[in-house]
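Naming: A, B, ... by sequence-line order, numbering from 1 per chain. None of the values given here were measured: they were computed from a predicted structure.
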2 protein chains.
Amino acid sequence: MDRCATQCGLDVSLAVVGGKWKPLILYHLQSGPTRFSEIKRRIGGISEKVLIQQLRELVAMEVLVRHDHQQVPPVVHYTLTAFGETLVQALVPLCEWGTYNRARVADMLQRPSQKERDRGHAPARVAASD
Amino acid sequence: MDRCATQCGLDVSLAVVGGKWKPLILYHLQSGPTRFSEIKRRIGGISEKVLIQQLRELVAMEVLVRHDHQQVPPVVHYTLTAFGETLVQALVPLCEWGTYNRARVADMLQRPSQKERDRGHAPARVAASD
DNA sequence: GGTAGAACATACCAAAAGGTAAGTGTGAGT
DNA sequence: ACTCACACTTACCTTTTGGTATGTTCTACC
């Protein structure tokens, strides 16, 4: 955050949405108020601890609101705030960029040896992904 | 990356630009080819090790190109690729969002106790829908 | 000759982030 | 009575990330 004074503002956005699952959470909350267990089910693969953690951070940032119906089998809804929706809007182009370039990026992540090559010399032989 | 199958694409973008200093690096490279030491000077506060690391990752992602003039006091330039520029374009709205909301987010990060408080009683106030 | 500066590499370390596993309290279903 | 589901909490561990410190190879400068 304060590491770069008055620069590009991306540090601010990443401070809000930079968690591992936060983009996904925002994505799934676009459809309206959603229960905790429903979010968990939709995302899949996230542990309860981490989900709660990220939700709380988003709530603390006023990106989401937590609505606790005071019921005895607990019922809690999470909803995007107006502020949160401005964030979601700002995320749309990046989201589209990611969707459009998913294959390309995934492909690049598959060959970590490539980045070792452009050093002026060639190592023995790179895994040729046969 | 592959943790969420075919979703919002933000995971892809964050995989590319998610490092601590990467947004700053991209920001400073918009002005054209820049030397390693110049990037370091402009960013300030980043260690050489981490800067090199992030630069190499961006190069591996083909967001940047590394141009090594084979000179004996080393001279190396880093430049945005066309691909990298599409990424920068996609980042613009998020960047503006961050700039616009810098004060607000910074303010919220200052009170971590707030998020510990809304457990069992009414939250102080919700997003004021500006 | 000693120093500085260029663009790194390397070893080691600390902090943060994420994950696993277990437990909590209650009420509804079997 | 037992189990399950809900929305969490807590303790503990691993992985990832970033940071520090130092070394390297060469040239220019004093």
Checklist entry - For dA6(C), does OP1 or OP2 lie under 4.0 Å from any side-chain N or O of R35(B)? => result no

Next on the checklist: Can you measure I52(A) atom CD1 to dT10(D) atom P for me and round it to whole angstrom units?
Outcome noted: 11 Å

Checklist entry - In whole angstroms, how far is the P atom of dG18(C) from the CG atom of L51(A)? => result 12 Å

Checklist entry - Applying salt bridge (charged side-chain N to carboxylate O under 4.0 Å, His left out), which residue pairs with at least one partner in residues 74-88 of chain B are found, sequence neighbours left out? => result none

Item to check | Closest to side chain of V76(B), choosing from dA7(D), dA7(C), dA6(C) | outcome: dA7(C)

Next on the checklist: Without decimals, in angstroms, what is the distance between K22(A) NZ and dA16(C) C1'?
Outcome noted: 12 Å

Item to check | Point-to-point distance, once rounded to the nearest 0.5 Å, from CD1 of I25(B) to NE2 of H28(B) | outcome: 9.0 Å

Item to check | Rounded interatomic separation in angstrom, taking CG from L55(A) and P from dA7(D) | outcome: 11 Å

Checklist entry - Just how far is it from atom CD of E57(A) to atom CG of L109(B), taken to the nearest 0.5 Å? => result 9.5 Å

Checklist entry - Are any side-chain N or O atoms of R66(A) and backbone N or O atoms of V59(A), one a donor and one an acceptor, separated by less than 3.5 Å? => result no

Checklist entry - For the pair made of CZ in F36(A) and P in dA7(D), what is the distance, rounded to whole Å? => result 7 Å

Next on the checklist: How long is the straight-line distance from OG1 of T86(A) back to CG of N101(B), given to the nearest 0.5 Å?
Outcome noted: 5.5 Å

Checklist outcome for this item: Here the distance between atom P of dG5(C) and atom CD of Q71(B), to the nearest Å, is 18 Å

Checklist entry - Checking T34(B) side chain against I39(B) main chain: does a donor-acceptor pair fall under 3.5 Å? => result no

Checklist entry - Minimum heavy-atom separation for V17(A) to P23(A), with atom names? => result O-CD, 3.5 Å

Checklist entry - Mind checking whether L80(B) and L64(B) have side chains closer than 4.5 Å, heavy atoms only? => result yes

Item to check | Distance in angstrom units between K40(A) NZ and dT20(C) P, rounded | outcome: 11 Å

Next on the checklist: How long is the straight-line distance from OH of Y27(A) back to CG of D11(B), given to the nearest 0.5 Å?
Outcome noted: 10.5 Å

Output one line per pair: protein atom, nucleotide atom from nucleotides 12-21 of chain D, and distance, for all N/O pairs under 3.5 Å.
from	atom 1	to	atom 2	distance (Å)
dG18(D)	OP1	K20(B)	N	2.7
dG18(D)	OP2	Q54(B)	NE2	3.0
dG19(D)	OP1	K20(B)	NZ	3.3
dG19(D)	OP2	W21(B)	NE1	3.3
dG19(D)	N7	K49(B)	NZ	2.9
dG19(D)	O6	K49(B)	NZ	2.2

Next on the checklist: What is the separation between atom CD on E38(B) and atom P on dA6(C), rounded to the nearest whole Å?
Outcome noted: 10 Å

Checklist entry - Is any side-chain N or O of R41(B) closer than 4.0 Å to OP1 or OP2 of dA6(C)? => result yes

What are the atom names and distances for every N/O pair under 3.5 Å that joins the protein to nucleotides 25-30 of chain D?
none

